[in-house]
Amino acid sequence: MASLASRSASQALRNTARRATPRIVSAATKPQVASYSLLAKAAVAAKSTQKSASSEGVRGIKTLDFAGTKEVVYERSDWPLAKLQDYFKNDTLALIGYGSQGHGQGLNARDNGLNVIIGVRKDGESWRQAIEDGWVPGETLFPIEEAIEKGTIIMNLLSDAAQSQTWPTIAPLITKGKTLYFSHGFSVVFKEDTKVIPPTDVDVILVAPKGSGRTVRTLFKEGRGINSSVAVFQDVTGKAKEKAIALGVGIGSGYMYDTTFEKEVYSDLYGERGVLMGAIQGLFLAQYQVLRKNGHTPSEAFNETVEEATQSLYPLIGAKGMDYMFNACSTTARRGGLDWAPVFEKANVPIFEQLYESVKNGTETRKSLEFNGRPTYRKDLAAELEIINNQEIWRAGKTVRSLRPDYKSESE
Ligand SMILES: NC(=O)C1=CN([C@@H]2O[C@H](COP(=O)(O)OP(=O)(O)OC[C@H]3O[C@@H](n4cnc5c(N)ncnc54)[C@H](OP(=O)(O)O)[C@@H]3O)[C@@H](O)[C@H]2O)C=CC1
Ligand SMILES: CC[C@](O)(C(C)=O)C(=O)O
Ligand SMILES: [Mg+2]
Ligand SMILES: [Mg+2]
């Protein structure tokens, strides 16, 4: 009887979850693109023979109900490749900086048949990586200033600290008629600290992928697309929003959500310091330490903290939500999880409040500008990450991972 009751409770929960699934309120009726990256390759080949994209299809946006709040979502399928290529046929996308985002966004835009060039410090690490990815010095790879001069859309993907440091040199090159693009609100919003004040005669837009540049690339290659935020800071042409959405598609976004530069930078700095990176490392470590203090072996402590989370339970949250993950676990686990969740929530809200304030008042920005503005920033970051790499929890993890059937050496 008990198990029947619990099964019907699970069913009820699942039904509630189904009812809460975002519903399309209005949408243009157009088929979804199955595999954009494959289509991209074909379209590049056929580029010269395609008819003008502006005659294709109807522009459409979706208004979706997100848990009771209606929000607008822009979709890739409103921008078939031919239309995208036609839209940017007179443009050169000068992508400045070749870190994680430069790599993902640059390669995707190139595969989508757009005219992309890269601008980075000559002979630096990024220059070397760009060559490895097929960008050719003097043809598609240039020193920063030269690339900006050649570009019509200047995509500033330098590190946030470098955007501020290089601004006095690059600002005069961003002349009337060009478009200035960012993937973070950082430089523009915290202008007192960064001194980045865009010229008043150019469109200033943002497309911020909500994920690592590595994933921007892999999702695109799988024919999917990353979620991105889009925003307009300055619209001198009246086309800034449309251009931002088109660029979002060009760099590999599947769906794009409205934001402002301010909201993007606050949420992004907060999220990465919180659950996405800082909090998760802190929480894993705390749980592991207590297990070790109580006599559990490194493998047991790692398996119970990280391996089970990342390999079994978190993918279930990603697939179908938190209640689905709970329902996939024992009733014993469900009872305990339900009891302890509010305890963790209560303990953590004050820390998250403190974090949000530290983001909003610019403390986090100033720290980042100081640290990442050092000439030794790569070495200094690597030294601190090496400390994490050497923590017992992560050393134990290497051995646990080495036992996976699909294990490949991690030194590559
Ligand atoms: N990483 C991500 O996944 C995400 C990043 N963003 C945003 O995208 C932008 C780019 O981030 P990301 O790709 O991570 O890049 P990084 O923060 O890793 O910056 C790397 C680039 O900055 C260059 N750089 C650093 N210092 C200088 C300097 N003093 N002068 C000239 N160039 C310099 C590097 O060149 P060199 O090799 O020559 O040092 C490299 O090309 C940022 O605004 C970031 O916040 C947004 C979403 C996600
Ligand atoms: C989570 C970190 C991030 O904000 C990102 C990948 O979205 C970043 O700045 O790299
Ligand atoms: Mg982010
Ligand atoms: Mg970020």
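Both ligands and their constituent atoms are indexed starting at 1 by order of listing.
From the protein, the heavy atom lying nearest to atom 8 (C) of ligand 2 is Glu272 OE1, 3.5 Å.
The ligand atoms of ligand 2 that sit less than 4.0 angstrom from a heavy atom of Ser212 are 6 (C).
Glu272 contributes atom OE1 as its closest N/O/S atom to the Mg ion (ligand 4). Shortest distance from the Mg ion (ligand 3) to Asp268 is reached at OD1 (N/O/S atoms only).
Checked by atom type and distance alone, the side chain of Asp86 never pairs as donor or acceptor with a backbone atom of Ala82 at under 3.5 Å.
For the 3.5 Å distance criterion, the side chains of Asp203 and Tyr181 fail to qualify, holding no donor opposite an acceptor.
Less than 4.0 angstrom separates atom 10 (O) of ligand 2 from none of the non-hydrogen atoms of the protein.
Judged by the 6.0 Å distance and 45° axis criteria, Arg335 is not positioned over the aromatic ring of Trp340.
With respect to Lys221 and Asp111, no salt bridge is recorded, no charged nitrogen being found less than 4.0 Å from a carboxylate O. A salt bridge is absent between Lys398 and Glu410; no separation between the charged side-chain nitrogens and carboxylate oxygens falls under 4.0 Å.
At a 3.5 angstrom cut-off on N or O pairs, Asp268 counts as close to ligand 2.
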